[in-house]
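Heads up: the structure comes next, in structure tokens.
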Amino acid sequence: MAQLEGKTALVTGAARGIGQATALRLAAAGADVALCDLKAEWLAETAAGVRAAGRRAESYAVDVSDAAGVKSAVEAVAADFGRIDILVNNAGITRDGLLLRMSEEDWDAVLDVNLKGTYLFTRAVARLMVKQRGGAIVNIASIIGLIGNAGQCNYAASKAGVIALTKSVAKELAGRGVRANAVAPGFIRTSMTDKLSEETQQRMLEAIPLKRFGSPEDVADVVVFLAGDAAAYVTGQVVNVCGGMVTCA
Ligand code: NAP
């Protein structure tokens, strides 16, 4: 039997990048997948990939930072699939800038999507998981949330918040059979990192002991592990997927 056969996963930001790769890897491992992103039509490619793996896919348009939208999306997923066993909080944005020039708007936008969005989805789905007496939550953080980065104080704060949220949720829900872990990617090739200058990319490459950028699948494989029973005794952890850039959690 496939590792995640009979399970339903919900992935946010599933239209591209790490979210798309995660949805496809979860499907390959046997899960049906509820796909969330800002626009449902952006999810067509991911949905086709999940179905090609022989699993069910449904698409939901939702802004993760909108409390009412998150509530109705989770209600719709629960009505369509009957349960949610795995939640992957992946949707995230950057609005980089140095602290002295960081606008309140850019601060709020990043905190709202990355941290508040993770809180809203976790709260809504945890209600179901507690009733089911089981579930696995995997939050996509970043090594920047562990080590900080000049020009990314908003992003670093949001991802450090995601890590602290994950550890607290893990402690709060462990007694109800719900696990929560975070994955902290390093430099992964997606549209988020494609916009960095050649010079910055070269500098980052030099700092990666494995001497290559990560792929979305490198991250997705770790998410699948944390989501499944192979990680039954793992909760409240941060797993760095960064080619060795950071060696502590
Ligand atoms: P990406 O290619 O930009 O994909 C992110 C997806 O999330 C996009 O489809 C995006 O839609 C969607 N999204 C953005 N805001 C949303 C919102 N408010 N509600 C719902 N969906 C929303 O990014 P990625 O590189 O795959 O990143 C995925 C996650 O990994 C993020 O949390 C990111 O911080 C984290 N991460 C990435 C890296 C990296 O090197 N790439 C490293 C560390 C951590 P749009 O098309 O509108 O943007």
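Note that the structure is a prediction, hence the values are computed from the model and not measured. Note that ligands are numbered from 1 as they come in the structure, with each ligand's atoms numbered from 1 the same way.
When heavy-atom distances to ligand 1 are checked against a 4.0 Å cut-off, Phe187 comes that close only through its backbone atoms N, CA, C and O. The proximity of Arg189 to ligand 1, defined as any non-hydrogen pair under 4.0 Å, does not occur for either the backbone or the side chain. Both the backbone and the side chain of Val64 come within 4.0 Å of ligand 1, judged by heavy-atom distances. Heavy atoms of Val113 found under 4.0 angstrom from ligand 1 belong exclusively to the side chain. Under 4.0 Å from ligand 1, the heavy atoms of Val62 that appear belong solely to its backbone. Under 4.0 Å from ligand 1, the heavy atoms of Thr193 that appear belong solely to its side chain. The residue Ala14 has no part lying near ligand 1, judged by heavy-atom distances below 4.0 Å.
Of the candidates Ser65, Gly69, Pro185, it is Pro185 that places a heavy atom closest to atom 43 (C) of ligand 1.
Annotation for ligand 1: atoms under 4.0 Å from non-hydrogen atoms of Ile18 are 26 (O), 30 (O), 37 (C). Under a 4.0 Å criterion applied to the non-hydrogen atoms of Ile93, ligand 1 contributes the atoms 14 (C), 15 (N). Atoms of ligand 1 found under 4.0 Å from any heavy atom of Ser142, numbered from 1 in the order shown, are 43 (C), 44 (C). Listed by number with element, the atoms of ligand 1 under 4.0 angstrom from any heavy atom of Ala15 are 9 (O). Applying the 4.0 Å criterion to heavy atoms of Gly92 picks out, from ligand 1, the atoms 31 (C), 32 (O). Close approach to Ser191 involves these atoms of ligand 1, each under 4.0 Å from a residue heavy atom: 1 (P), 2 (O), 3 (O).
Atom CD of residue Glu58 and atom CG of residue Asp80 lie 5.5 Å apart, to the nearest 0.5 angstrom.
Closest to atom 6 (C) of ligand 1, if we only count protein heavy atoms, is Gly13 O, 3.6 Å. The closest protein non-hydrogen atom to atom 21 (N) of ligand 1 is Asp37 OD1, 3.5 Å. Taking atom 18 (N) of ligand 1 as the reference point, the nearest protein heavy-atom neighbour is Asp63 OD1, 2.9 Å. For atom 31 (C) of ligand 1, the closest non-hydrogen atom of the protein is Asn90 O, 3.1 Å. Remark: minimum distance from atom 33 (C) of ligand 1 to any protein heavy atom is reached at Tyr155 OH, 3.5 Å. Shortest contact from atom 24 (P) of ligand 1 to any protein heavy atom: Thr190 OG1, 3.6 Å. Summary of contacts: the protein heavy atom closest to atom 17 (C) of ligand 1 is Leu38 CD2, 3.6 Å. Ranking protein heavy atoms by distance to atom 48 (O) of ligand 1, first place goes to Arg16 NH2, 2.9 Å.
The shortest separation from a heavy atom of Gln20 to ligand 1 is not under 4.0 Å, leaving the residue out of contact. The shortest separation from a heavy atom of Ala141 to ligand 1 is under 4.0 Å, placing the residue in contact. A heavy-atom separation below 4.0 Å is not found between Phe213 and ligand 1. The closest approach between a heavy atom of Gly186 and any atom of ligand 1 is below 4.0 Å.
If you check the side chains of Arg127 and Gln132, you find no donor sitting under 3.5 Å from an acceptor.
Paired with Val223 under the rule side chain to side chain contact (heavy atoms under 4.5 Å, CB included), one option of Thr22, Ile18, Ile86 passes, and it is Thr22. Exactly one residue among Asn181, Thr118, Asn89 makes a side-chain hydrogen bond (donor to acceptor under 3.5 Å, both in side chains) with Asn139. That residue is Asn89.
Here the closest non-hydrogen pair linking Ala78 and Leu128 is CB-CD1, 3.8 Å. When every heavy atom of Met102 is checked against every heavy atom of Trp107, the shortest pair comes out as SD-N, 4.0 Å.
Of the possible polar contacts, one joining the Thr12 side chain to the Asn90 backbone as a donor-acceptor pair under 3.5 Å is found. Side-chain atoms of Gln237 never come within 3.5 Å of backbone atoms of Ala182 as a donor-acceptor pair (strictly under, hydrogens ignored). At least one donor-acceptor pair under 3.5 Å links the side chain of Lys159 to the backbone N or O of Ile140. With hydrogens and angles disregarded, a donor-acceptor distance shorter than 3.5 Å links the side chain of Asp218 to the backbone of Ser215. The backbone N or O of Ile137 lies less than 3.5 Å from no partner atom in the side chain of Arg179, so there is not a single donor-acceptor pair.
A side-chain hydrogen bond (donor to acceptor under 3.5 Å, both in side chains) check over residues 143-158, counting only residues at least two apart or in different chains, returns the pairs Asp96-Gln152, Asn114-Ser158, Asn149-Gln152.
Looking at Lys159 next to ligand 1, an N or O pair under 3.5 Å apart turns up. Considering both main-chain and side-chain atoms, Ile188 comes within under 3.5 Å of ligand 1 through a nitrogen or oxygen pair.
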